[in-house]
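Scroll down for the structure; my scribbles are underneath it.
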There are 2 protein chains.
Amino acid sequence: MNVDPSRSISNEAQPAYLQIKNFVLNKIQSGEWQEGHLIPTELALCEQFSVSRMTVNRALRELSNDGLLVRIKGSGTYVAQPKYQSTLIEIRSIAQDIRERGHTHRSQVISMNRLKATAKQAKAYAIPTGATLFHSVIVHLENQIPIQYEDRLVDASMAPDYLEQDWSHTTPNEYLTRVAPLPKGFYTIEVQIPNAEIARALQMKANEPCLVLNRTTYSGGHFTSFARMWHPGDRYKFAGRT
Amino acid sequence: MNVDPSRSISNEAQPAYLQIKNFVLNKIQSGEWQEGHLIPTELALCEQFSVSRMTVNRALRELSNDGLLVRIKGSGTYVAQPKYQSTLIEIRSIAQDIRERGHTHRSQVISMNRLKATAKQAKAYAIPTGATLFHSVIVHLENQIPIQYEDRLVDASMAPDYLEQDWSHTTPNEYLTRVAPLPKGFYTIEVQIPNAEIARALQMKANEPCLVLNRTTYSGGHFTSFARMWHPGDRYKFAGRT
DNA sequence: TAGTGGTCTAGACCACAGC
DNA sequence: CTGTGGTCTAGACCACTAT
């Protein structure tokens with residue numbers, strides 16, 4: 001059955017929906033189908049590949065979910081704008097990152113306490129003024145060298161037993177993703193000069209810049225945590241592949 | 001037909017596969033199904049929701065693709081590790097970013113020339129020694145204020161007419177995603193002190209740190225470009241939502 | 001009105017896991 | 001061996017677009 005000459009890309013062991021995905025991908029990658037191009041209809045691809053419509057539909061739907069195609073009901077399927085002008089990068093959990101490098105991760109709790117949300121905080125995080133917040137400051141070390149100063153605010157109603165955790169075996173990030181799964185939120189990455197306390201905790205010289213990741217997270221639409229993570233600029237970088 | 005009490009999440013206007021996705025999502029988000037939990041089989045969910053297997057399959061497959069479930073043929077479907085301990089962030093095209101803020105973007109070409117790959121470059125990018133490379137240095141301005149110094153190396157075989165582009169109407173990033181679509185590659189984000197030339201081009205004081213994004217891209221497995229993008233640390237940050 | 005994609009059905013065969 | 005997920009079929013009805 002697999003003798004259609006248009007199925008040139010794939011070895012025949014691949015499922016049909018993948019062969020169709022690769023067929024379309026190659027058309028786009030080769031430039032033959034540019035942005036805005038109207039690609040064949042589902043029924044046309046059914047005939048071309050001798051498969052049923054559900055199979056073609058799955059291939060095109062997945063490409064559409066990946067942002068490569070735009071499908072318009074009643075109209076047709078088009079090659080999407082290359083929104084791939086943007087770079088998707090992944091900021092991983094610091095402890096996990098360190099362990100995957102084969103290094104040892106250790107945490108140092110600098111402070112850990114309870115406070116009431118100020119009016120400003122309440123407004124920023126959409127919580128009631130006076131709501132209980134936990135505040136933690138933890139330094140993370142890779143092979144005994146400090147690489148992150150984590151200053152974090154946690155909504156007590158989302159993580160009531162935050163103060164009782166054993167931070168030598170878990171990190172705030174790991175704990176919070178367990179009690180408040182599927183976090184969403186905002187982030188910024190910036191350069192900042194740390195104050196004396198942070199510089200000392202990170203064993204940095206005075207006036208050396210830090211790479212700072214700020215992250216506000218919500219779980220199920222409710223504020224969970226705001227974290228400010230300081231990294232020594234001279235020995236830390238975010239890295240990954242896309 | 002939609003009277004199953006277990007379908008409590010969704011308004012009845014939603015497609016069945018979405019109702020099933022939301023049902024599973026709620027179980028995970030509420031913590032009822034923790035990491036490693038074996039969830040009901042496809043056939044069980046077929047009965048529970050009175051739908052066919054393909055519909056349940058689509059719901060679970062999409063959640064699996066999103067990394068929320070792990071499906072093991074012959075065994076069952078499990079709640080995945082919360083790899084959501086990582087933050088996915090998006091570094092957008094600088095020109096697009098500026099325009100979406102309602103500001104004006106302008107480019108200043110500092111230099112643009114042709115050179116031959118050194119042995120070191122050849123090794124780093126998996127191209128032949130002596131291969132033709134283009135080198136461009138462009139400063140991007142937002143409302144006439146410089147915010148990015150882009151130092152870029154481009155493989156001439158992937159973009160032969162790179163030198164002839166009109167950089168007042170397009171950016172290297174936009175041009176390259178057109179001629180070499182679907183880029184993949186590596187990146188790092190770090191803090192660096194710029195040299196005198198870069199500091200001058202970005203109108204920065206001496207010894208002020210920069211936020212630097214390095215990015216190597218490949219299209220279709222072939223090296224396309226290496227870019228080093230310098231941003232003034234005191235007035236630029238990466239921001240977004242996840 | 002004809003064509004398109006969005007969704008769904010009620011079956012089917014297969015590869016694989018675990019007993 | 002039974003039960004699981006992976007894939008696929010040949011239909012179907014619907015909402016929407018374009019003419």
Side-chain angles (χ1 to χ4, degrees), chain A residues 1-4 6-7 9-24 27-28 33 36-80, chain B residues 1-4 6-7 9-24 27-28 33 36-80:
Chain A
M1 56 186 280
N2 280 346
V3 289
D4 192 311
S6 57
R7 226 182 296 187
I9 311 102
S10 38
N11 74 58
E12 306 295 356
Q14 275 189 117
Y17 81 93
L18 267 186
Q19 299 186 31
I20 298 167
K21 281 183 78 169
N22 287 332
F23 170 79
V24 174
K27 292 285 189 185
I28 294 175
W33 290 350
H37 181 91
L38 177 63
I39 81 167
T41 67
E42 295 192 344
L43 284 176
L45 290 168
C46 288
E47 282 205 14
Q48 185 177 340
F49 286 88
S50 306
V51 296
S52 79
R53 203 187 135 209
M54 275 300 274
T55 303
V56 170
N57 181 269
R58 173 172 175 184
L60 299 187
R61 177 159 36 80
E62 290 185 358
L63 290 171
S64 168
N65 287 342
D66 291 347
L68 286 155
L69 298 177
V70 174
R71 316 201 71 196
I72 301 177
K73 199 191 316 191
S75 173
T77 302
Y78 305 83
V79 176
Chain B
M1 54 185 281
N2 280 345
V3 289
D4 192 311
S6 57
R7 224 183 297 188
I9 312 102
S10 38
N11 72 58
E12 306 296 357
Q14 277 188 117
Y17 80 94
L18 267 185
Q19 300 186 31
I20 297 168
K21 281 184 78 169
N22 286 332
F23 170 79
V24 174
K27 290 286 189 183
I28 295 176
W33 291 350
H37 181 91
L38 176 63
I39 81 166
T41 67
E42 294 193 344
L43 285 176
L45 290 168
C46 288
E47 282 204 15
Q48 185 177 340
F49 286 88
S50 306
V51 296
S52 78
R53 204 186 136 211
M54 276 299 277
T55 303
V56 171
N57 181 269
R58 173 171 176 184
L60 299 188
R61 177 159 36 81
E62 290 185 359
L63 290 171
S64 168
N65 288 341
D66 291 347
L68 286 153
L69 299 177
V70 174
R71 317 201 71 197
I72 302 177
K73 199 193 313 192
S75 172
T77 302
Y78 305 84
V79 176

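Every chain is numbered from 1 and lettered A, B, ... according to where its sequence line falls, protein lines coming before strand lines. Please read all numbers here as calculations on a predicted model, not as lab measurements.
I39(A) contributes atom CD1, which lies 5.0 Å from atom OG1 of T77(A) (distance to the nearest 0.5 angstrom). Distance check, rounded to the nearest 0.5 Å: CG of N65(B) to CG of D66(A) gives 8.5 Å.
Atom-to-atom, CD of Q14(B) to C1' of dG6(C) comes out at 14 Å; the value is rounded to the nearest Å. Atom CD1 of I20(A) and atom P of dT9(D) are 8 Å apart (whole Å). One interatomic measurement links the two molecules: CZ of R71(A) to C1' of dT4(C), which rounds to 9 Å at whole-angstrom precision. Separating the CD atom of E62(B) from the C1' atom of dG5(D) is a distance of 16 Å, rounded to the nearest angstrom.
A heavy-atom distance below 4.5 Å is found between the side chains of R71(B) and N57(B).
Closest of all the heavy-atom pairs between C46(B) and V56(B) is N-CG2, 3.7 Å. Of all heavy-atom pairs spanning A80(A) and G67(A), the tightest one is CB-O, 3.3 Å.
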Practice problem: With side chain to side chain contact (heavy atoms under 4.5 Å, CB included) as the test, would you mind laying out the steps for L60(A) and L45(A) before giving the verdict? | Solution: CA-CA 10 Å; L60(A) 299 187; L45(A) 290 168; 4.0 Å; yes
Quiz prompt | side chain to side chain contact (heavy atoms under 4.5 Å, CB included) between I20(A) and V51(A), intermediate numbers included | solution = CA-CA 10 Å; I20(A) 298 167; V51(A) 296; 4.0 Å; yes
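Residues from residues 36-43 of chain B lying near DNA chain C, meaning a heavy-atom separation below 4.0 Å, are absent. Within a heavy-atom distance below 4.0 Å of DNA chain C, the residues of residues 54-61 of chain A found are M54(A), N57(A).
Under the side chain to side chain contact (heavy atoms under 4.5 Å, CB included) criterion, T41(A) pairs with L43(A), A44(A), not counting sequence neighbours. Under the rule for a side chain to side chain contact (heavy atoms under 4.5 Å, CB included), the partners of L38(A) that lie at least two apart in sequence or sit in another chain are Y78(A). Applying the side chain to side chain contact (heavy atoms under 4.5 Å, CB included) rule to K27(B) yields the partners F23(B), E32(B), W33(B); only residues at least two apart in sequence or on another chain are considered.
Dashed line: the shortest gap from a side-chain N or O of T77(B) to OP1 or OP2 of dG5(D) is under 4.0 Å. Contact between the side-chain N/O atoms of Y17(B) and the OP1/OP2 oxygens of dC8(C) is not found at any separation under 4.0 Å.
Between E42(A) and the choices R58(A), R61(A), R53(A), the salt bridge (charged side-chain N to carboxylate O under 4.0 Å, His left out) rule is met once, by R53(A).
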Quiz item: What string of B, S and - do you get for nucleotides 12-19 of chain C, 5' to 3', if B is base contact, S is sugar-phosphate-only contact and - is no contact with any protein heavy atom under 4.0 Å?
Solution: B--BBB--
